[in-house]
J.: 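The following block contains the structure, expressed as structure tokens.
The sequence lines fix the lettering, A, B, ..., with proteins before strands; numbering per chain opens at 1.
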Number of protein chains: 4
Amino acid sequence: MELIINPADELPIYRQIMRQITEAIAVGRLKSGEKLKSHRDLSEELVIAPLTVKKAYDELEALGFIETQRGRGTFVCTAPPRLDPVEQRDKIQQAARSFLSQAYLAGLRYTEVVKILKDADRELTAGAPSRKEKETA
Amino acid sequence: MELIINPADELPIYRQIMRQITEAIAVGRLKSGEKLKSHRDLSEELVIAPLTVKKAYDELEALGFIETQRGRGTFVCTAPPRLDPVEQRDKIQQAARSFLSQAYLAGLRYTEVVKILKDADRELTAGAPSRKEKETA
Amino acid sequence: MELIINPADELPIYRQIMRQITEAIAVGRLKSGEKLKSHRDLSEELVIAPLTVKKAYDELEALGFIETQRGRGTFVCTAPPRLDPVEQRDKIQQAARSFLSQAYLAGLRYTEVVKILKDADRELTAGAPSRKEKETA
Amino acid sequence: MELIINPADELPIYRQIMRQITEAIAVGRLKSGEKLKSHRDLSEELVIAPLTVKKAYDELEALGFIETQRGRGTFVCTAPPRLDPVEQRDKIQQAARSFLSQAYLAGLRYTEVVKILKDADRELTAGAPSRKEKETA
DNA sequence: GTGGTCTAGACCACC
DNA sequence: GTGGTCTAGACCACG
């Protein structure tokens, strides 16, 4: 699990960490129960302050993605968190609009966008355990 | 050109303005050469400080989306900014991966994501020149 | 005497006009006693407000570059204005620093800058009546 | 890095700051990666509003000269912005013509202009890495 | 009326 | 301590 952080990015560093970990979980690159690096090791590896990594872990734990076991380490939760479905839906729709607009600004047409999305799906799912269909609940 | 701002949103107000304007340009709802509201008028309309709107306009100008003519107003640029096509493509692909991951985290399947994207396209394209008729629902 | 104005330029339009006229005088492209276009004609030609051209002419007259003769028109003065030599010198030196810095930022070296300056001199002086050496006074 | 601002100058304060910083970068007095003063400290030092300094920093960042890292500070970029070389050349040549015209208006001759340019170079290069020794006079 | 600049504060998030 | 955002004014220059 390699992370890439960019100190100049407008997204805070702890958010960059959170995003990459949740994406890895979403896609199956990080599996349920898998152990994460300690926040101290990770901070050394990324050359950032330990508190910054800890903040990311704390927030991820508060959101239900990971859990810490005193003395043993930090692990990916078995049960992925379920947020408010309505709110969730709104955020996804907004993300879709943003993504589309960005693509349109680049001069792409709708069919091309779909193609890119399909490629991204293939790339993300590659190497990951074949996802099981989940209820949209 | 109606804007909606949400002071509670984590996205800064001036960014919300920028996003909506660039999306409107991307989609053709704002046409080349079209005049924007003065930053004072818009600030009154949105009930926010004039400087906040001005900051949005300033950044959009720095990015090449709009241009101002002292004493006359602010206008949509005729030549939208063009980045390096390769770099452009990379950013879009990265955005696609982020979008997909977010959707998967919410428990959606690929086919559902495509459906959401199609809806977003319809919504964005509504009101734009070459639009397909649909109820604004 | 063709003028080029750019409404999007950060330099005010009336200043753009002033600059081009004074440069033309400096270089001999506009000769002493020569008649300028009326401010109304020029404003039509440039597609700008007559008041804007008039402001440029007024300022140029106040500075001593041109003079208007009621009912006859506007003419280039025979005696070029002499500003405070010290202040003048300071401004030139500041302009030299700015020009040099700009060139250095572009990656040029000093000798290349001098070469460009020589070319510019040739280009400016070409077609103009050979300038007579003036006392620096 | 000492800055001098003149509130009476027609050039806005934030532009004066920008000019001096870009000149320092151009000439090597500010090196890649070097940390700038915080905009608050600098504003105190210059006895101006913090927002004024911040505006200068923001514009310099938009132009690619410096970059900020939240919580850490503002730094000179390692890769200075590179424009289209041809376009670049055009701008420099135009600047050369402007500079020359201004000097000629002041009654200077070409050889005098070159002398002033040489002095400006010495002054700019003073304090920079590969400088030639001279009295700061 | 339009944008351009500046002030003197304030609160928040990040490291 | 650092930058990020926002406010509510003010004065000026331009067209």
Side-chain angles (χ1 to χ4, degrees), chain A residues 5 7-16 43 46-56, chain B residues 5 7 9-17 35-44 46-59 61 66-75, chain C residues 5 7-17 43 46-56 59, chain D residues 5 7 9-17 35-44 46-59 61 66-75:
Chain A
I5 68 135
D9 195 325
E10 72 174 338
L11 195 68
I13 294 176
Y14 82 98
R15 288 268 203 175
Q16 295 181 37
S43 72
L46 301 177
V47 196
I48 58 180
L51 263 184
T52 304
V53 180
K54 182 154 198 316
K55 180 165 186 179
Chain B
I5 67 137
D9 194 326
E10 77 170 337
L11 196 67
I13 295 177
Y14 83 97
R15 287 275 194 175
Q16 296 182 37
I17 296 173
K35 187 176 184 301
L36 297 177
K37 287 195 175 82
S38 84
H39 74 268
R40 287 171 218 266
D41 283 357
L42 186 52
S43 72
E44 270 187 35
L46 301 178
V47 197
I48 57 179
L51 255 193
T52 303
V53 179
K54 185 163 194 306
K55 180 164 186 180
Y57 279 19
D58 282 349
E59 301 251 319
E61 179 161 27
I66 65 181
E67 69 179 357
T68 75
Q69 296 176 15
R70 268 182 336 298
R72 304 224 310 112
T74 307
F75 304 83
Chain C
I5 68 133
D9 194 324
E10 73 174 338
L11 195 68
I13 294 176
Y14 83 97
R15 289 267 203 173
Q16 295 181 38
I17 297 173
S43 71
L46 301 178
V47 196
I48 58 180
L51 263 185
T52 303
V53 180
K54 182 155 197 315
K55 180 166 186 178
E59 300 253 321
Chain D
I5 68 138
D9 195 325
E10 78 170 338
L11 195 66
I13 294 176
Y14 83 97
R15 287 276 193 177
Q16 295 180 37
I17 297 173
K35 187 174 185 298
L36 297 177
K37 285 195 176 82
S38 85
H39 74 269
R40 288 173 217 265
D41 282 356
L42 186 52
S43 73
E44 269 186 36
L46 300 178
V47 197
I48 58 180
L51 256 192
T52 303
V53 179
K54 185 166 193 308
K55 179 163 187 182
Y57 279 19
D58 282 350
E59 301 250 317
E61 179 161 26
I66 65 182
E67 68 180 357
T68 76
Q69 298 176 16
R70 267 182 338 296
R72 304 224 310 111
T74 308
F75 304 83

J.: If you assign each of R15(C) and R15(B) to its closest nucleotide in DNA chain F, which residue comes earlier from the 5' end?
T.: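 Taking each residue's closest nucleotide, the earlier one in sequence belongs to R15(B).
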
J.: At 4.0 Å (heavy atoms only), tell me whether I48(C) reaches a base, stays on the sugar-phosphate, or touches nothing.
T.: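 Nothing, no nucleic acid heavy atom in range.
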
J.: Reading DNA chain E from 5' onward, which residue's closest nucleotide shows up sooner: R40(D) or G73(B)?
T.: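 With R40(D) and G73(B) compared, the 5'-side residue is G73(B).
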
J.: Quickly work out the H39(B) NE2 to dC6(F) P distance and round it to whole Å.
T.: 15 Å

J.: Taking only N and O in the side chain of T68(B), is any of them less than 4.0 Å away from OP1 or OP2 of dT2(E)?
T.: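 For dT2(E), OP1/OP2 do not have a side-chain N/O of T68(B) under 4.0 Å.
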
J.: Over how many whole Å does the gap from I66(D) atom CD1 to dG3(F) atom C1' extend?
T.: 12 Å

J.: What nucleotide, of dT5(F), dA8(F), dA8(E), holds the atom closest to the side chain of A49(D)?
T.: dA8(E)

J.: In terms of side-chain geometry, is the basic nitrogen of R15(A) or E10(A) positioned less than 4.0 Å from the acidic oxygen of its partner?
T.: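 No.
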
J.: Round to the nearest Å and state the distance from L51(D) atom CG to dC11(E) atom C1'.
T.: 14 Å

J.: To the nearest Å, how far apart are E10(D) CD and dT5(E) P?
T.: 12 Å

J.: My understanding is that a pair needs two contacts under 3.5 Å, Watson-Crick or G-U wobble. By that rule, which nucleotide pairs with dC14(F)?
T.: dG1(E)

J.: Check whether any side-chain nitrogen or oxygen of T52(D) sits under 4.0 Å from OP1 or OP2 of dT7(E), and answer yes or no.
T.: yes

J.: Any base atoms under 4.0 Å from Y14(A), or only sugar-phosphate, or nothing? Heavy atoms, all strands.
T.: sugar-phosphate

J.: Within a strict 4.5 Å, meaning less than it, do heavy atoms of the L36(D) and L42(D) side chains meet?
T.: no

J.: Could you check I13(B) against D41(D) and say which one's nearest nucleotide on DNA chain F is further toward the 5' end?
T.: D41(D)

J.: Measure from CG on D9(A) to P on dC15(E) and round the result to the nearest Å.
T.: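 Going from CG in D9(A) over to P in dC15(E) covers 11 Å.
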
J.: How close do S43(A) and P50(A) get, heavy atom to heavy atom, and via which atoms?
T.: CB-CA, 3.5 Å

J.: Return no unless some side-chain N or O of K55(B) is found under 4.0 Å from OP1 or OP2 of dT5(F).
T.: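 Answer is yes, contact under 4.0 Å.
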
J.: Once you round to the nearest 0.5 Å, how far does OG1 of T74(D) lie from OH of Y57(D)?
T.: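 Spacing of OG1 (T74(D)) from OH (Y57(D)) equals 6.0 Å.
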
J.: R70(D) side chain N/O closer than 4.0 Å to the phosphate oxygens (OP1, OP2) of dT2(F)?
T.: no

J.: Less than 4.0 Å between a side-chain N and a carboxylate O, is that true for E59(B) and K54(B)?
T.: no

J.: If you find the nucleotide of DNA chain E closest to P12(A) and the one closest to V47(D), which residue's nucleotide is nearer the 5' end?
T.: V47(D)

J.: Check the surroundings of atom CG in L11(A): do more than 12 heavy atoms from other residues, nucleotides or ligands lie under 6.0 Å from it?
T.: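 Yes, the 6.0 Å shell around CG holds more than 12 heavy atoms from other groups.
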
J.: Nearest-Å distance, CG (L11(A)) to P (dC15(E))?
T.: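 Roughly 9 Å, once rounded to whole Å.
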
J.: Would you say dG3(F) has OP1 or OP2 under 4.0 Å from some side-chain N or O of T74(D)?
T.: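 Checking dG3(F) against T74(D), a side-chain N or O does come within under 4.0 Å of OP1 or OP2.
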
J.: Write down the distance between CD (E44(B)) and P (dA8(F)), rounded to a whole number of angstrom.
T.: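 In whole Å, dA8(F) P lies 13 Å from E44(B) CD.
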
J.: Nearest-Å distance, CD (E59(B)) to C1' (dC6(F))?
T.: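 Roughly 14 Å, once rounded to whole Å.
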
J.: Side-chain N or O of K54(D) versus OP1/OP2 of dG3(F): is the shortest distance under 4.0 Å?
T.: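 For K54(D), the contact criterion (side-chain N or O under 4.0 Å from OP1 or OP2 of dG3(F)) is not met.
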
